[in-house]
Trainee: 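I have a structure I would like to understand better, so I am pasting it below and will then ask my questions one at a time.
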Protein chains: 2
Amino acid sequence: MRLTTKGRYAVTAMLDLALHEGKGPISLADISERQGISLSYLEQLFAKLRRNNLVASVRGPGGGYQLNRPKADIDVAEVIDAVNENVDATGCNRRGDCQSGEVCLTHHLWCDLSDQIHTFLSGITLADLVERKDVKAVSSRQEARQAEKMIASDIRVASGL
Amino acid sequence: MRLTTKGRYAVTAMLDLALHEGKGPISLADISERQGISLSYLEQLFAKLRRNNLVASVRGPGGGYQLNRPKADIDVAEVIDAVNENVDATGCNRRGDCQSGEVCLTHHLWCDLSDQIHTFLSGITLADLVERKDVKAVSSRQEARQAEKMIASDIRVASGL
DNA sequence: TATTTATCCTACTAATTTGGTCGGCTTTTG
DNA sequence: CAAAAGCCGACCAAATTAGTAGGATAAATA
């Protein structure tokens, strides 16, 4: 089992899409800036999210990504799964052939743990996250930051720098 | 967060000790054979388990390892922790400085998940595992295998091979 | 006392994964 | 046509895993 920045980034980026739903396609450059994730790395993650039909892309200027399903129909477990992070705690992928073809001493323990984690993560949708007050707080802070930056760059442009 | 063979091996080996409690020190060679874990790798894991006072060692012939506490007082979470596997799902070790000093969009989600996993794993002791019927079944299978091997090697010794 | 059994300790290693970077291509809009 | 975006493949440094190898030390036994 593994849960690293890869899966966390994927969920964060998907949540960013959910938060900006209805505003047309969102560019990876925007997500990169708001969430502090490298653009090229986001591209790799979104290639996988797209292959799993979680997002749809629009190319060309003004393009970007959108959720391919209502945010209430996308749960955290599938997002993590889409970027190949394995939320399974067994060593044998639940096959039960952990010790030379047979079940190892702790196989069932890891199965139980896997169930526990999967139940938890698949019970949370992007819509649920959007409604959380901690998410709302962070999101509005990020919006403010981005607005500041845009004003700053407007000044630079206007003054010819 | 990471849960690989390292943590699984540690729990399996500790459970092996719990299953053979009262029979004096158990050698790593025995555990290695029963559980199919490399001896040198076990040595490295037990160095950590010993440093965390989970086991006590007896050197010399007939030596080995024993649980340093009653099996009902050792839970799965501490065993995994002792071998440095991190069961924390956040990227910031719960510090909340995930995004340039501030909380990232999904911080609280990963905190909740971590709590979930920790509650589950710390609620299971070695004594609980010893009582499980799936563990008993695997254990008796392993005992039988080991007895077979010992007879086979006795034959080899007796016949002078 | 010599041998054997076991823990203890350090160093090395191949393979894999992570979290990227870089460069260039294609599509679409203005 | 230029610019903005997605798309794609190659490459990379660092870390981690799951070991191996080789020896030192301690204790029991012959």
Side-chain angles (χ1 to χ4, degrees), chain A residues 1-13 17 23-33 35-52 54-66 68 80 83-87 91-92 98-99 104 153 157, chain B residues 1-13 17 23-33 35-52 54-66 68 80 83-86 89 91-92 98-99 104 153 157:
Chain A
M1 183 179 59
R2 200 179 296 120
L3 181 54
T4 62
T5 54
K6 197 192 224 174
R8 282 193 295 263
Y9 281 176
V11 174
T12 302
L17 285 189
K23 297 182 191 169
I26 305 295
S27 73
L28 294 188
D30 277 1
I31 300 179
S32 166
E33 196 178 314
Q35 309 304 336
I37 306 172
S38 117
L39 177 59
S40 335
Y41 199 45
L42 275 177
E43 284 181 355
Q44 290 172 50
L45 298 180
F46 272 79
K48 296 184 178 186
L49 294 172
R50 196 171 50 95
R51 264 177 250 134
N52 284 276
L54 291 175
V55 295
S57 65
V58 178
R59 300 182 71 160
Y65 288 92
Q66 280 170 313
N68 202 26
I80 295 175
V83 294
N84 303 341
E85 291 234 285
N86 202 354
V87 194
C92 57
C98 355
Q99 195 183 352
C104 77
S153 72
V157 170
Chain B
M1 183 180 59
R2 200 179 297 121
L3 182 54
T4 63
T5 54
K6 198 194 225 174
R8 283 193 295 263
Y9 280 176
V11 174
T12 302
L17 285 189
K23 297 183 192 168
I26 305 295
S27 73
L28 294 188
D30 277 1
I31 300 179
S32 166
E33 194 178 315
Q35 308 305 335
I37 305 172
S38 119
L39 177 59
S40 336
Y41 200 45
L42 274 177
E43 285 180 355
Q44 292 172 51
L45 297 180
F46 272 79
K48 296 184 180 190
L49 294 172
R50 197 171 50 95
R51 264 177 251 134
N52 284 73
L54 290 174
V55 295
S57 64
V58 178
R59 301 182 72 161
Y65 289 91
Q66 281 169 312
N68 202 26
I80 294 174
V83 294
N84 303 340
E85 292 233 284
N86 202 352
C92 57
C98 356
Q99 195 183 352
C104 77
S153 73
V157 169

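Lettering of chains follows the sequences in order, A, B, ..., and the numbering in each one begins at 1. Just so you know, these numbers come straight off a predicted model, no measurement behind them.
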Trainee: Between Ile37(B) and Ile26(A), who's closer to the 5' end of DNA chain D by nearest nucleotide?
Mentor: Ile26(A)

Trainee: Please state how far atom NZ in Lys6(A) lies from atom P in dA15(D), giving the value in whole angstrom units.
Mentor: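 Taking NZ of Lys6(A) and P of dA15(D), I get 19 Å after rounding.
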
Trainee: Rounded to whole Å, please give me the gap between CG in Leu42(A) and P in dC8(D).
Mentor: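 Those two atoms, CG and P, are 16 Å apart.
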
Trainee: Ignoring the backbone of Arg2(B), work out which of dT16(D), dA18(D), dT7(C) is nearest its side chain.
Mentor: dT16(D)

Trainee: Does Gln44(A) make a side-chain donor-acceptor contact with the base of dT21(C), cut-off 3.5 Å?
Mentor: yes

Trainee: Between Ser57(B) and Gly60(A), which is nearer to the 5' end of DNA chain C once each is assigned its nearest nucleotide?
Mentor: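 Nearest-nucleotide comparison on DNA chain C picks Ser57(B).
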
Trainee: Considering only dT21(C), dT17(D), dG6(D), which nucleotide approaches the side chain of Ser40(A) most closely?
Mentor: dT21(C)

Trainee: Compare the minimum distances between each of dT18(C), dT29(C), dG20(C) and the side chain of Pro61(A), then state the nucleotide with the smallest one.
Mentor: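 The listed nucleotide nearest to Pro61(A)'s side chain is dT29(C).
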
Trainee: Does dT18(C) have OP1 or OP2 sitting under 4.0 Å from an N or O in the side chain of Tyr9(A)?
Mentor: no

Trainee: Would you classify Arg50(A) as touching base, sugar-phosphate or nothing, given that sugar-phosphate means primed atoms plus P, OP1 and OP2, and contacts are heavy atoms under 4.0 Å?
Mentor: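 Arg50(A): backbone/sugar contact only, no base atoms under 4.0 Å.
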
Trainee: Whole angstrom is fine here: how far is it from NZ in Lys48(A) over to P in dC7(D)?
Mentor: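 Value for this atom pair: 15 Å.
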
Trainee: Which of these, Tyr41(A), Tyr9(A), Tyr65(A), sits in a ring pair (Phe, Tyr, Trp, His ring centres under 6.0 Å) with Phe46(A)?
Mentor: Tyr65(A)

Trainee: Starting at CG of Leu3(A), measure out to CD of Glu85(A) and round the result to the nearest 0.5 Å.
Mentor: 5.5 Å

Trainee: Would you call Ile31(B) and Leu17(B) a side-chain contact if the rule is heavy atoms closer than 4.5 Å?
Mentor: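 The answer is yes, as the side chains (C-beta and beyond) meet within the 4.5 Å cut-off.
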
Trainee: Counting distance only, does the side-chain N/O of Thr12(A) pair as donor-acceptor with the main-chain N or O of Arg8(A) below 3.5 Å?
Mentor: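 Here the side-chain-to-backbone pair exists.
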
Trainee: Side chain of Thr5(A) only, please: which of dT26(C), dG19(C), dG20(C) is the nearest?
Mentor: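 Among the listed nucleotides, the one closest to the side chain of Thr5(A) is dG19(C).
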
Trainee: How would you label the contact of Phe46(A) with the nucleic acid (heavy atoms, under 4.0 Å): base, sugar-phosphate, or nothing?
Mentor: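 Nothing, no nucleic acid heavy atom in range.
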
Trainee: Taking only the side-chain nitrogens and oxygens of Thr4(A), find out if one of them lies under 4.0 Å from OP1 or OP2 of dT17(C).
Mentor: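 No, Thr4(A) has no side-chain N/O under 4.0 Å of OP1/OP2 on dT17(C).
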
Trainee: Nearest whole angstrom, please: distance from the C1' of dC7(D) to the CG of Leu49(A).
Mentor: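 Distance check: Leu49(A) CG to dC7(D) C1' gives 15 Å.
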
Trainee: How long is the line joining CG of Leu28(B) and P of dA26(D), in whole Å?
Mentor: 18 Å

Trainee: Calculate the interatomic distance between Gln66(A) atom CD and dG6(D) atom P; express it in whole Å.
Mentor: 12 Å

Trainee: Side chain of Tyr65(B), heavy atoms from C-beta onward: which of dC8(C), dA18(D), dT25(D) has the nearest atom to it?
Mentor: dC8(C)

Trainee: Rounded to whole Å, how long is the line connecting atom OH of Tyr41(B) with atom P of dA21(D)?
Mentor: 16 Å

Trainee: Kindly point out which of dC8(C), dC8(D), dA18(D) is positioned nearest to the side chain of Glu43(A)?
Mentor: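 Among dC8(C), dC8(D), dA18(D), the one nearest the side chain of Glu43(A) is dC8(D).
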
Trainee: Evaluate the side-chain proximity of Arg50(B) to Val55(B): yes if any heavy-atom separation is below 4.5 Å, no if none is.
Mentor: yes

Trainee: What about Arg59(B): does its side chain form a donor-acceptor pair under 3.5 Å with the base of dT5(C)?
Mentor: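 No.
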
Trainee: With a 3.5 Å distance limit and no angle check, can you tell me whether Ser32(B) reaches the backbone of Ile37(B) through a side-chain donor-acceptor pair?
Mentor: yes

Trainee: Specify the separation, in whole Å, of atom CE of Met1(B) and atom P of dT18(C).
Mentor: 13 Å

Trainee: Of all the nucleotides listed (dT7(C), dT17(D), dA5(D)), which has the minimum atom distance to the side chain of Glu85(B)?
Mentor: dT17(D)

Trainee: Which nucleotide, dT21(C), dG6(D), dA6(C), lies nearest any side-chain atom of Ser27(B)?
Mentor: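 Of the options given, the side chain of Ser27(B) lies nearest dA6(C).
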
